[in-house]
Amino acid sequence: MLRPLSLRLQLTLALMLTGLAVVVTVGGVAYLELQRKFSSQAAQQATAHFRAGVASYLQEFGSFESGKARGVGLGDYLARLRGPDAKGAGPASSDGPPRPWDVRRGPPPGHSGEPRPGPGPQPWPAPDGRDDPGRRPGPPPDGPPPAGPGARPPFRFILTDANYRVLLGAGSYPQGEALPEAQRALAEAVRVDGEIRAYVSTEGVLSPGQDDLAYLAAMRQALLVGAIAATVLAALLGLLLGSGLSARLRRLTQAVRRMHAGELLQRVDARGSAEIEALALAFNHMSEALARSDAELRASHATISSQALQLKELSIRDALTGLYNRRHFDESVRQLFEDSRRHGQDLTLVLADIDWFKRINDQYSHAVGDEVLRRVAALLERQLGGARLLARYGGEEFVMALPQTPLHEAADVCERLRASVAAEDWGQLAPRLQVSLSMGLAADPAAASAAALLEQADAQLYRAKDAGRNRVCHA
Ligand SMILES: Nc1nc2c(ncn2[C@@H]2O[C@H](COP(=O)(O)OP(=O)(O)OP(=O)(O)O)[C@@H](O)[C@H]2O)c(=O)[nH]1
């Protein structure tokens, strides 16, 4: 399938065609008008010359009949006046006697008074013997005009006497009959001594003469040069406008691509034609709005993410002590257990329980009990370090997982914890307050699961309680 033409090419072609059409239309009309003007001017001149020839004949012979009686027909008379050089083509010259039929540019002789003398082509055909009022044989008056430059013009003259009786009918009107009314209106009077002696009118169209042909050829050439110049100018203009337009569209396209790549805030130059400026401004506004929305979206996404993190943290923390809660411990210890088993590493689980906590509550209040829970939790967390998992397991019970820690090492750690709790100055919190921890440890490598291991630790805790509390027990 053919690709659609680019905007630049379309614009160039449109301008070229428009320029060409304007030149051809204007030039063509001017050319035709000029041709018509030549034809009309030549017809006027030819009629004037013919009329002058007829007037001269009548002046000399008095009438067509007396001319004929003296053996001189109008055709012969005109031919004699015309002279031998009139047969050929060529421009009129100033040599020789003046003759009334020379066709020249400028006002016709009938308009300026006297006919202009000079040799030149005869503007009318010599009448034949049939039509000639002078009865002399001659070339046919109504034959087709000879072709070629300088040939006699194709006018055919109609000649009547003063009463509109046709003497020369130009093949259209029979000799001797009255000229129709319509044709009479076009006829021009031939006056001799102020008296109307005949009427003359013209039929036919002009084959332009050499000067006219030269004019028309120059006109055609100017038309051709104008058309070529207009086409070239239009092409240059089209290319210039088109390249400006396509450059702006290219910048817009590049900006859209950058937006697609993530750089939402883009600005393109808004200068240009009204449409391009409107498009660029709309694009800039859209880009700003998108960039603003994107920034707001990112900010709200960050807020939501942080809130989700906070929520998640809250969901896995114990509200009173800030330690992890039991649910989180149970989820995490499963992973620790599997990892230690997979890598053949030690894992010791510890359950720790505050001794006689009910009594603390009862004796000192729940608030004191809560504060004891918070202080024991902080102490355990501080001394245990980050590599171990510590959680409040429920009530006054805490649980610990010590990865990569063999039982005896874990027992030492727990012993230090127990001692620290016991050595704390609890009297600051409440008079004569004593707090201690009982702890049970399990690190059985044969335990099937973290829960099973935890049960073993719980059993050791019971042993510690049973043994008098404030102690660490393990298998
Ligand atoms: N202040 C306070 N008390 C709690 C909280 N959770 C559980 N307790 C109390 O802890 C007490 C636990 O008592 P017991 O299970 O009898 O255990 P004990 O008194 O510590 O006795 P032994 O464990 O055998 O030494 C109960 O009275 C609970 O009400 C808490 O969050 N705050």
Side-chain angles (χ1 to χ4, degrees), residues 300-337 347-403 410 413-414 416-431 433-442 449-451 453-455 457-458 460-462 464-465 469-470 472:
S300 72
H301 181 259
T303 307
I304 289 169
S305 298
S306 135
Q307 286 174 346
L309 210 64
Q310 285 174 13
L311 275 175
K312 190 180 176 208
E313 191 68 10
L314 283 175
S315 73
I316 61 174
R317 292 282 177 184
D318 169 55
L320 183 70
T321 62
L323 298 180
Y324 286 123
N325 59 24
R326 180 173 183 166
R327 186 160 54 90
H328 178 70
F329 180 85
D330 287 342
E331 285 171 6
S332 303
V333 80
R334 276 198 294 271
Q335 190 62 48
L336 283 174
F337 182 84
L347 173 66
T348 301
L349 299 186
V350 181
L351 273 173
D353 190 278
I354 301 175
D355 300 327
W356 309 116
F357 192 66
K358 185 174 182 312
R359 281 191 205 166
I360 295 173
N361 272 335
D362 294 346
Q363 200 171 337
Y364 297 98
S365 77
H366 265 74
V368 171
D370 285 349
E371 186 55 27
V372 168
L373 284 169
R374 273 193 289 268
R375 289 191 183 191
V376 169
L379 195 149
L380 293 177
E381 193 170 35
R382 196 168 54 243
Q383 296 208 356
L384 205 54
R388 281 79 191 270
L389 182 62
L390 169 66
R392 185 184 176 194
Y393 210 54
E396 81 288 15
E397 204 169 17
F398 300 91
V399 64
M400 289 167 265
L402 284 63
V413 172
C414 288
R416 281 197 296 277
L417 291 175
R418 186 205 59 75
S420 296
V421 169
E424 185 80 5
D425 184 10
W426 296 103
Q428 277 188 337
L429 183 61
L433 176 61
Q434 291 286 328
V435 178
S436 65
L437 276 181
S438 295
M439 305 170 90
L441 284 67
S449 64
L453 200 58
L454 210 55
E455 278 179 20
D458 196 37
Q460 294 301 321
L461 175 61
Y462 269 97
K465 291 282 184 183
R469 298 179 173 79
N470 192 21
V472 175

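Given the structure is predicted, the values throughout are model-derived calculations rather than measurements. Just so you know, residue 1 is the first one in the sequence shown, and it goes up from there. FYI, side chains are in, hydrogens and waters are out, and symmetry mates aren't considered; it's all heavy atoms of this structure.
- Shown here for R469 and W356, the closest heavy-atom pair between the two residues is NH1-CZ2, 2.9 Å.
- Annotation: side chain of L349 is not in contact with side chain of F337 (no heavy-atom distance under 4.5 Å).
- Of all heavy-atom pairs between A410 and T348, the closest is CB-CG2, 3.5 Å.
- To the nearest 0.5 Å, atoms CZ (R382) and CG (L384) are separated by 12.0 Å.
- In this structure the side chain of L454 never reaches within 4.5 angstrom of the side chain of V333, judged on heavy atoms.
- Applying the salt bridge (charged side-chain N to carboxylate O under 4.0 Å, His left out) criterion to K312, with sequence neighbours excluded, gives no partner residue.
- Distance check: I354 CD1 to R359 CZ gives 14.5 Å after rounding to the nearest 0.5 Å.
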**OP:** Kindly indicate, with the supporting measurements, whether the criterion side-chain contact (heavy atoms from CB on, under 4.5 Å) is fulfilled by L441 and L402.
**Re:** CA-CA 10 Å; L441 284 67; L402 284 63; over 6 Å; no
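- Residue L429 holds its CG atom at 9.0 Å from OH of Y364, rounded to the nearest 0.5 Å.
- For L336, the side chain to side chain contact (heavy atoms under 4.5 Å, CB included) criterion is met by L389, A401, P403, not counting sequence neighbours.
- The salt bridge (charged side-chain N to carboxylate O under 4.0 Å, His left out) check on D355 picks up K465, with sequence neighbours excluded.
- Not counting sequence neighbours, the partners of Q335 by the side chain to side chain donor-acceptor pair (under 3.5 Å) test are D339.
- Counting heavy atoms from C-beta outward, V350 and V399 have side chains that stay 4.5 Å or more apart.
- Among all heavy-atom pairs drawn from A352 and M439, the shortest one is CB-CG, 3.8 Å.
- Within the 4.5 Å cutoff, side-chain heavy atoms of V413 are placed close to those of R388.
- Here the side chains of I360 and E396 are not in contact, with every heavy-atom distance at 4.5 Å or above.
- Considering NE2 of H366 and CG of N361, their distance stands at 4.0 Å, rounded to 0.5 Å.
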**OP:** Carefully, step by step, assess E331 and I316 under the rule side-chain contact (heavy atoms from CB on, under 4.5 Å).
**Re:** CA-CA 10 Å; E331 285 171 6; I316 61 174; 5.6 Å; no
Please output the side-chain donor-acceptor pairs of residues 319-327 that fall under 3.5 Å, not counting sequence neighbours, one pair per line with the distance.
residue, atom, partner, partner atom, Å
T321, OG1, D318, OD2, 2.5
T321, OG1, L323, N, 3.2
Y324, OH, R317, NH2, 3.4
N325, OD1, R327, N, 3.4
N325, OD1, H328, N, 3.0
N325, ND2, S315, O, 2.9
R326, NE, Y393, OH, 3.4
R326, NH2, Y393, OH, 3.4
R327, NH2, S315, O, 2.7

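- The two residues D458 and E397 make their nearest non-hydrogen contact at OD1-OE2, 4.0 Å.
- Listed by chain and residue number, L453, Q456, A457 satisfy the side chain to side chain contact (heavy atoms under 4.5 Å, CB included) test with A442 (two or more places apart in sequence, or in another chain).
- Shown here is E313, whose CD atom has more than 12 heavy atoms of other residues, nucleotides or ligands within 6.0 Å.
- The side chain to side chain contact (heavy atoms under 4.5 Å, CB included) test applied to A422 returns R418, N470, not counting sequence neighbours.
- Pairs passing the salt bridge (charged side-chain N to carboxylate O under 4.0 Å, His left out) check and including a residue from residues 361-372, sequence neighbours excluded, read K358-D362, E371-R374, E371-R375.
- Applying the side chain to side chain contact (heavy atoms under 4.5 Å, CB included) rule to Q383 yields the partners L379, L417, S420; only residues at least two apart in sequence or on another chain are considered.
- Note: F329 CZ to M400 CE = 9.0 Å, rounded to the nearest 0.5 Å.
- With W426 contributing its side chain and V421 its backbone, the two residues share a donor-acceptor pair below 3.5 Å.
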